[in-house]
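Heavy-atom basis, side chains included; hydrogens, waters and symmetry copies ignored. Here the structure is a predicted model, which is why all the values come from computation and not from measurement.
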Amino acid sequence: MLAQWDDSGVRIAPDLLAALRGYTWPGNLRQLASVLQTACALRDPAHEPAIDWPHLASDLRDALASPAARVQPAGKAAETRAISVGQADGAPEAAPPAALRKIARQAIAQALADGGGNVSEAARRLGISRQTIYRHLKKADAEA
């Protein structure tokens with residue numbers, strides 16, 4: 001079960017935690033661990049006290065919003081547990097794609113700097129593949 005706090009003191013926003021708990025996690029624990037590791041890398045600890053929606057990849061945000069991806073426990077309680085990110089009252093609005101690209105670029109640049117320019121090391125630090133880093137770098141070059 002997911003906890004709101006981990007050993008490092010990183011907090012997960014309550015509405016995001018509820019969505020993560022309700023997701024089916026086709027990749028099991030490894031997928032969840034990768035998502036949380038990447039979200040931690042994208043979070044600015046000085047200004048962002050908790051992991052929140054903008055720290056997730058857009059495909060995961062879309063999946064969390066999809067009713068088909070949620071665990072459906074038996075009974076009426078299932079209807080109250082399931083949340084719809086796009087329609088729930090008080091649900092955060094998704095950050096604009098340009099802002100998310102900027103955050104991802106910053107996280108990749110920081111991981112590359114911390115890893116001495118080693119793409120494999122940066123990928124390990126972010127919990128993503130080398131190909132994902134190369135794809136982001138290619139898109140950043142195309143936009144520049």
Side-chain angles (χ1 to χ4, degrees), residues 1-73 78-144:
M1 177 170 279
L2 295 173
Q4 190 167 357
W5 293 89
D6 72 2
D7 290 353
S8 66
V10 175
R11 195 172 72 79
I12 300 173
D15 57 331
L16 176 57
L17 182 62
L20 293 173
R21 281 184 174 151
Y23 188 57
T24 59
W25 296 105
N28 296 321
L29 186 57
R30 288 183 182 172
Q31 182 186 13
L32 172 61
S34 177
V35 164
L36 293 175
Q37 186 177 30
T38 302
C40 283
L42 292 173
R43 183 181 68 91
D44 179 7
H47 299 96
E48 299 170 319
I51 295 172
D52 212 339
W53 293 96
H55 302 119
L56 302 180
S58 59
D59 58 335
L60 180 60
R61 280 197 319 270
D62 293 344
L64 289 172
S66 167
R70 291 190 205 106
V71 175
Q72 294 297 323
E79 295 172 17
T80 60
R81 276 192 58 196
I83 63 169
S84 174
V85 174
Q87 298 173 354
D89 289 337
E93 293 183 23
L100 293 175
R101 282 192 299 272
K102 181 180 177 186
I103 292 169
R105 266 191 239 124
Q106 289 171 340
I108 289 170
Q110 184 64 49
L112 285 168
D114 292 347
N118 184 318
V119 175
S120 294
E121 177 63 23
R124 273 191 293 278
R125 289 172 184 255
L126 293 173
I128 60 177
S129 70
R130 289 187 339 263
Q131 292 78 14
T132 300
I133 290 180
Y134 287 124
R135 188 174 57 248
H136 278 276
L137 294 172
K138 185 177 179 180
K139 284 181 184 177
D141 286 344
E143 291 175 2

From [atom1] ([X]) to [atom2] ([Y]), nearest 0.5 Å:
| X | Y | atom1 | atom2 | answer |
| --- | --- | --- | --- | --- |
| Leu126 | His136 | CG | NE2 | 9.5 Å |
| Gln31 | Leu60 | CD | CG | 7.0 Å |
| Leu112 | Arg105 | CG | CZ | 13.5 Å |
| Ile108 | Ile128 | CD1 | CD1 | 4.5 Å |
| Leu17 | Arg11 | CG | CZ | 10.0 Å |
| His55 | Thr38 | NE2 | OG1 | 12.0 Å |

Discussion item. Working note: Leu16 + Leu64, criterion side-chain contact (heavy atoms from CB on, under 4.5 Å); need CA distance, chi angles, decisive distance, verdict.
Written reply: CA-CA 9 Å; Leu16 176 57; Leu64 289 172; 4.1 Å; yes
For the student: nearest non-hydrogen atoms of [X] and [Y], plus distance:
| X | Y | result |
| --- | --- | --- |
| Ala39 | Ile51 | CB-CG2, 3.5 Å |
| Ala50 | Ala13 | CB-N, 4.0 Å |
| Ser120 | Arg130 | OG-CD, 2.9 Å |
| Ser129 | Ala123 | C-CB, 3.8 Å |
| Gly127 | Ser34 | O-OG, 2.8 Å |

Worksheet item: With distance as the sole test, does Arg43 use its side chain to make a donor-acceptor pair with the main-chain N or O of Glu48 at under 3.5 Å?
Response: yes
Worksheet item: Counting N and O atoms only, with roles assigned by atom type, does the side chain of Asp52 sit under 3.5 Å from a partner on the main chain of Pro54, one being a donor and the other an acceptor?
Response: no
Worksheet item: If we only count heavy atoms from C-beta on, is the Leu32 to Tyr23 side-chain gap below 4.5 Å?
Response: no
